[in-house]
Participant: 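Here it is, the structure in full.
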Amino acid sequence: MLLPMRRLASPPSLPAVYPHICPARRSLGLRRQHGRGAPARRTSATPVVCCSGSLPVASQSSQSIMTGANPVTAAGTEGSSEWSGDAIRRRFLDFYAARGHKILPSSSLVPDDPTVFLTIAGMLQFKPIFLGKEPRRVPCATTSQKCIRTNDIENVGRTSRHQTFFEMLGNFSFGDYFKKDAIKWAWELTTKEYGLPPERLWISVFEDDDEAFSIWLNEVGVPKERIKRMGEDDNFWTSGATGPCGPCSEMYYDFHPERGSLNADLNDDSRFIEFYNLVFMQYNKNDDGSLEPLKQKNIDTGMGLERMARILQNVPNNYETDLIFPIMEKAASMALVSYSKADDAMRTNLKVIGDHMRAVVYLISDGVIPSNIGRGYVVRRLIRRVVRTGRLIGMRGDGHENSEGAVLPSLAETVISLSSEIDPDVESRRKSILGELQREELRFVQTLGRGEKLLDELLDEALGSAGDIGVPCLSGKDVFLLYDTYGFPIEITAEIASERGVTIDMKGFDIEMENQRKQSQAAHNVIKLSVGNETEIVKSIPDTEFLGYESLFATAVVKGLLINGSPVENVSEGTDVEILLDRTPFYAESGGQVGDNGFLYVYEEEGGKQNAVIEIKDVQKSLGNIFVHKGTIKQGSIEVGKKIDAAVDGKLRQGAKAHHTATHLLQSALKSVIGSETSQAGSLVAFDRLRFDFSFHRLLTEKELLEIESLVNQWISDATHLETNVMALQDAKNAGATAMFGEKYGEQVRVVEVPGVSMELCGGTHVSNTAEIRGFKIISEQGIASGVRRIEAVAGDAFVEYVCSRDNYMRHLCSSLKVKAEDVNSRVETILEELRTARNESSSLRSKIAVLKAASLASKAVLVEPHNVRILVENMGDVDADGLKSAAEHLVGTLQDPAAVILGSSPGDGKVSLVAAFSPGVVKMGVQAGKFVGGIAKLCGGGGGGKPNFAQAGGRKPENLPDALEKARAEIVAAVSSKAS
């Protein structure tokens with residue numbers, strides 16, 4: 001559940017720096033825990049009292065943890081040990097597991113939901129269950145979910161609890177327990193397990209939720225003055241304009257109980273922090289805004305792990321908990337500063353680094369590679385913020401005596417060391433994470449260099465446009481461009497500009513930042529749930545039984561018909577229709593494999609006469625595990641309840657099987673040749689080809705591609721029988737099975753193994769023996785995004801067709817060149833060399849013609865007083881760029897110094913060529929060819945530049961060339977006249 005993002009001010013009584021939680025702890029030698037394990041034990045004979053007198057920390061033996069004994073005796077006293085973030089997480093999960101909840105793993109930060117950009121809430125993986133689109137696998141569950149939110153990125157480090165990456169602890173009920181149990185367990189967990197003093201806890205409820213108010217007051221025993229009724233904006237959760245919704249109840253921790261209960265405001269961030277949100281999903285909101293009770297009432301909760309760690313570890317903000325602070329410590333050591341002695345600005349920068357490093361490590365681990373689009377841009381933006389922030393505070397080098405090395409990998413090592421109980425897979429992906437961070441950082445450092453050059457140019461323009469009395473100012477758009485594209489912190493831009501006597505437009509910059517923030521919020525931070533026709537249909541239709549692993553034919557019953565998403569009872573000839581069957585041999589698209597094609601046949605009840613034919617062109621999964629057969633009625637009609645015969649196109653299915661097994665072999669070959677750290681980033685298994693996307697930072701060499709092909713074909717020729725087993729998900733992972741990208745798995749999974757070669761979790765169809773694949777050929781290998789490569793290949797019949805077609809092309813080529821196949825390469829190289837020679841001779845001849853033509857133009861040079869500068873500006877017709885260059889060089893050498901030659905031409909295809917050649921005398925006057933020709937080229941829709949004495953430019957508007965040359969003539973005459981005077 002998403003917790004409201006309210007500003008929190010750190011209580012002044014709390015110690016400023018973790019691990020210096022309080023002097024009492026330091027004197028007793030209590031150590032700060034960064035990582036794993038339950039809280040360390042200490043005898044109760046040595047009580048510890050925080051100097052601030054603010055918060056007791058729970059002390060429990062393993063036995064008391066299980067029994068729920070309350071270790072806190074009075075407010076302001078501590079128990080025996082300090083809570084680690086890992087211990088808080090584990091206690092939450094164990095608490096609910098002991099109450100019948102299934103502990104489920106965190107889902108990926110890349111959600112299996114096209115409507116959501118990144119995983120932003122713990123409930124997201126259960127969205128289909130809440131909608132009724134998937135059956136519940138368990139009655140209730142508990143998770144610790146990795147989440148990413150970037151809508152308030154500018155607040156990270158500036159408030160006490162804004163983060164991009166955070167963990168959401170949650171307990172969920174799918175029609176099992178409801179409001180009473182959810183409230184009582186939340187209170188028990190908070191006061192007995194975590195040991196928070198009851199008198200420090202406040203409750204909010206929806207203003208009309210009398211039931212929740214009564215439970216908190218009469219059954220839990222919270223005093224009436226500490227239960228606040230709040231309005232819809234605060235305490236009524238909705239997923240959108242329509243869909244499941246319900247009242248919320250939130251738990252708050254009071255940092256300053258001495259202020260009393262009179263006029264207490266739960267939105268006062270200097271006093272309260274909300275840490276646990278309980279959503280009672282009990283209504284469905286209709287189109288007209290009315291609410292109707294849900295038949296299955298659900299519970300969706302969220303406890304911010306970092307918030308609870310802040311409370312239990314008694315630190316002033318989320319960043320100084322052991323979940324983030326070790327990363328900040330590492331950054332501080334690399335910057336040669338001490339966090340405890342740092343000023344507010346330095347601490348803010350270290351918090352940004354600590355937060356963002358967690359986000360980028362987990363995003364890259366989940367397969368998001370830095371790029372300029374989509375999720376990749378989120379990673380790139382966060383990385384750049386870390387790099388530029390690190391440079392701002394003086395971080396240089398890799399922390400291992402290499403001053404030119406990358407900073408990020410060293411920071412990521414700390415993040416990975418803290419990851420074992422958050423996501424165990426991060427450690428196994430260490431090499432690829434560190435490599436990607438290093439490459440991205442070094443690329444960005446180069447971008448920063450280009451940004452420095454751009455900043456110099458922008459400052460020159462600002463100074464030049466200000467005039468003698470104007471105040472030079474850098475526009476807000478330019479400052480934002482430097483910030484967002486080139487990674488320049490606003491502080492650095494302002495400092496450099498100030499040194500040059502230029503101000504910056506902060507108001508304009510703030511406007512640009514706000515526009516970006518609004519776009520980010522609108523695009524990425526909404527989870528939409530809706531209940532429509534699909535949910536009504538699913539109530540009466542069971543999951544489709546898939547028979548396609550064993551057979552391509554089956555008899556089934558039509559359970560539903562849809563036209564444009566709406567249910568109908570019958571459909572006639574010529575109509576496109578979606579058909580729902582009780583059982584089917586058709587494979588539905590998933591795991592990258594396309595859906596089967598084939599036919600459905602309807603027969604009369606008596607006599608067996610064929611009554612209808614439906615051609616199936618696609619099959620998709622929808623509404624959980626219901627297969628939707630999409631096709632066209634070719635003959636007759638079909639109605640709900642009819643029996644049909646389903647027949648899959650066997651030739652196409654065999655193509656898909658060959659390509660799917662070949663995809664598994666390809667992944668194994670890639671890991672063998674280029675390294676096990678590469679991972680799948682997407683795939684397509686079609687009837688006639690396969691496409692495999694994988695994470696890698698460079699182009700594969702011809703040798704590597706040949707080695708990959710050779711390995712796959714060797715495995716094919718080994719004629720190995722595949723083994724398929726169904727087992728528990730954890731057993732499959734323990735056995736070393738690889739998960740396919742984008743696939744969602746249940747507790748029981750299908751494992752497809754090519755013994756000794758590949759073992760993957762896969763629900764797709766496969767050959768029974770690798771020999772059925774026949775052969776494998778890579779068609780292409782290319783980059784599709786930063787750090788992501790794509791291989792396209794063919795196998796099976798498609799492989800044979802490809803090889804035969806290429807052989808046919810070769811035969812024609814040999815016939816045309818009149819050589820044998822083995823001599824084609826040498827013959828082609830000879831022809832190309834002859835062509836290059838002919839082109840060079842042609843170019844040389846054109847240049848000579850241009851020089852001869854230019855010689856006749858020398859007499860047209862104009863003499864400009866008083867320094868007798870010879871100026872020649874001419875249009876040379878259709879002379880190409882090389883010829884124009886030769887002509888200008890000849891003329892400037894022929895004319896007496898000082899001389900300026902500017903030539904233009906229109907060589908064809910809508911192109912414009914321009915060249916400027918200035919003699920040393922003109923350059924000494926301060927007139928530079930590079931700057932001059934660029935401005936003229938803009939009139940022709942182009943640009944260019946070069947050296948002070950010689951420059952070339954181009955354009956796309958030949959119709960503007962005459963005017964451009966006239967402007968050039970006027971400007972060069974004015975320039976040399978002005979300089980001469």
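The chain is numbered in sequence order, starting from 1.
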Participant: Run the side-chain hydrogen bond (donor to acceptor under 3.5 Å, both in side chains) test on T321 and Q313 for me, step by step, so that the C-alpha distance in whole Å, both residues' side-chain angles and the decisive distance to 0.1 Å come before the verdict.
Facilitator: CA-CA 7 Å; T321 66; Q313 293 175 10; 4.6 Å; no
Participant: Determine yes or no for a side-chain-to-main-chain donor-acceptor pair under 3.5 angstrom, with R200 supplying the side chain and Y253 the backbone.
Facilitator: no
Participant: For side chain to side chain contact (heavy atoms under 4.5 Å, CB included), just list the numbers for V378 and F117, CA-CA rounded to whole Å, side-chain angles, deciding distance to a tenth of an Å, and then say yes or no.
Facilitator: CA-CA 10 Å; V378 172; F117 191 65; 3.5 Å; yes
Participant: Looking at R259 and S270, what are the two nearest heavy atoms and their distance?
Facilitator: NH1-OG, 3.4 Å
Participant: Between W83 and Y194, what is the ring plane arrangement, given parallel below 30°, perpendicular above 60°, and tilted in between?
Facilitator: perpendicular
Participant: Within this structure, what is the CG-OG distance for the pair D322 and S84, rounded to the nearest 0.5 Å?
Facilitator: 5.5 Å
Participant: Find out whether Q282 and F178 are in side-chain contact, i.e. whether some heavy atom of one side chain is under 4.5 Å from a heavy atom of the other.
Facilitator: yes
Participant: Using side chain to side chain contact (heavy atoms under 4.5 Å, CB included), reason through F166 and L323 one step at a time and then give a plain yes or no.
Facilitator: CA-CA 10 Å; F166 58 96; L323 296 164; over 6 Å; no
Participant: Taking CG in N263 as the centre, count heavy atoms belonging to other residues, nucleotides or ligands within less than 6.0 Å. Is the count above 12?
Facilitator: no
Participant: Please find the pair of heavy atoms, one from Q145 and one from S106, that lie closest to each other, and give the distance.
Facilitator: NE2-OG, 3.1 Å
Participant: Can we say D254 and R226 salt-bridge, meaning some charged N sits less than 4.0 Å from an Asp/Glu carboxylate O?
Facilitator: no
Participant: Does R375 reach the main-chain N or O of V368 with its side chain, forming a donor-acceptor pair under 3.5 Å?
Facilitator: no
Participant: Strictly distance-based, threshold 3.5 Å: is any side-chain N or O of T301 a donor or acceptor partner for the main-chain N or O of G170?
Facilitator: no
Participant: Hey, are the side chains of V337 and I393 touching, using non-hydrogen atoms and a 4.5 Å cut-off?
Facilitator: no
Participant: Return the CG to CD distance between N267 and E274, rounded to the nearest 0.5 Å.
Facilitator: 10.0 Å
Participant: Could you tell me the separation between the CD1 atom of I227 and the CD1 atom of I203, rounded to the nearest 0.5 Å?
Facilitator: 7.0 Å
Participant: Donor-acceptor check, side chain of D355 to backbone of Q163, threshold 3.5 angstrom: yes or no?
Facilitator: no
Participant: Give a yes or no on whether the backbone of W187 and the side-chain of T190 come within a donor-acceptor separation of less than 3.5 Å.
Facilitator: no
Participant: Step by step, would you call E436 with V379 a side chain to side chain contact (heavy atoms under 4.5 Å, CB included)?
Facilitator: CA-CA 11 Å; E436 192 60 51; V379 178; over 6 Å; no
Participant: Strictly distance-based, threshold 3.5 Å: is any side-chain N or O of R149 a donor or acceptor partner for the main-chain N or O of F165?
Facilitator: no
Participant: Of all heavy-atom pairs between H101 and A141, which one has the smallest distance, and what is that distance?
Facilitator: CD2-O, 3.3 Å
Participant: Would you say the side chain of K146 lies within less than 4.5 Å of the side chain of T119, judging by non-hydrogen atoms?
Facilitator: no
Participant: Taking all non-hydrogen atoms of both residues into account, name the closest pair between A359 and L382 and its distance.
Facilitator: CB-CD1, 3.8 Å
Participant: Just wondering, do I299 and L278 contact through their side chains at under 4.5 Å, heavy atoms?
Facilitator: no
Participant: How long is the straight-line distance from CG of L305 back to CG of L169, given to the nearest 0.5 Å?
Facilitator: 5.0 Å
Participant: Provide the closest heavy-atom pair for M308 versus I88 in the form atom of the first, atom of the second, distance.
Facilitator: CG-CG2, 3.8 Å
Participant: Within the 4.5 Å heavy-atom criterion, are K184 and Y177 side-chain neighbours or not?
Facilitator: no
Participant: Treating R430 as the side-chain partner and I416 as the backbone partner, does any N or O pair qualify as donor plus acceptor under 3.5 Å?
Facilitator: no
Participant: Between D86 and R89, is the salt bridge (Lys or Arg N to Asp or Glu O under 4.0 Å) condition met? List the steps.
Facilitator: CA-CA 5 Å; D86 286 342; R89 182 193 305 107; 2.7 Å; yes
Participant: Quick one: are I129 and F172 in side-chain contact, heavy atoms under 4.5 Å?
Facilitator: no
Participant: Using the salt bridge (Lys or Arg N to Asp or Glu O under 4.0 Å) rule, pick out the option among K228, K179, R229 that qualifies with D209.
Facilitator: K179
Participant: If the plane angle is over 60° it's perpendicular, under 30° parallel, otherwise tilted; pick one for F272 and Y252.
Facilitator: perpendicular
Participant: Could you go step by step and tell me if Y362 and V415 meet the side chain to side chain contact (heavy atoms under 4.5 Å, CB included) rule?
Facilitator: CA-CA 9 Å; Y362 286 99; V415 180; 4.1 Å; yes
Participant: Does the S204 side chain pair with the main chain of S249, one donor and one acceptor, at a distance under 3.5 Å?
Facilitator: no
Participant: Looking at every non-hydrogen atom in both residues, tell me the closest pair between C147 and G122 and how far apart they are.
Facilitator: SG-N, 4.2 Å
Participant: Out of curiosity, I148 CD1 to I120 CD1, how far, rounded to the nearest 0.5 Å?
Facilitator: 11.0 Å
Participant: Do M395 and L411 touch side chain to side chain, with heavy atoms closer than 4.5 Å?
Facilitator: yes
Participant: Counting N and O atoms only, with roles assigned by atom type, does the side chain of T389 sit under 3.5 Å from a partner on the main chain of V386, one being a donor and the other an acceptor?
Facilitator: no
Participant: So do the side chains of L418 and I327 get within less than 4.5 Å of each other, counting heavy atoms only?
Facilitator: yes
Participant: With F206 as reference, evaluate W237, F280, F213, F236 under the ring-ring contact (aromatic ring centres under 6.0 Å, His included) test and give the passing residue.
Facilitator: F236
Participant: Within 45° of the six-membered ring axis of F95 and under 6.0 Å from that ring's centre, is NZ or CZ of R99 located there?
Facilitator: yes
Participant: If we ignore angles and hydrogens, is there a donor and acceptor under 3.5 Å between the side chains of S214 and N218?
Facilitator: yes
Participant: Using modelled atom types and a 3.5 Å cut-off, is there a donor and acceptor pairing between side-chain atoms of S365 and backbone atoms of V361?
Facilitator: no
Participant: Check this for me: D344, atom CG, are more than 12 non-hydrogen atoms of other residues, nucleotides or ligands nearer than 6.0 Å?
Facilitator: no
Participant: Would you give the length of the straight line joining atom CG of L336 to atom CE of M334, rounded to the nearest 0.5 angstrom?
Facilitator: 9.5 Å
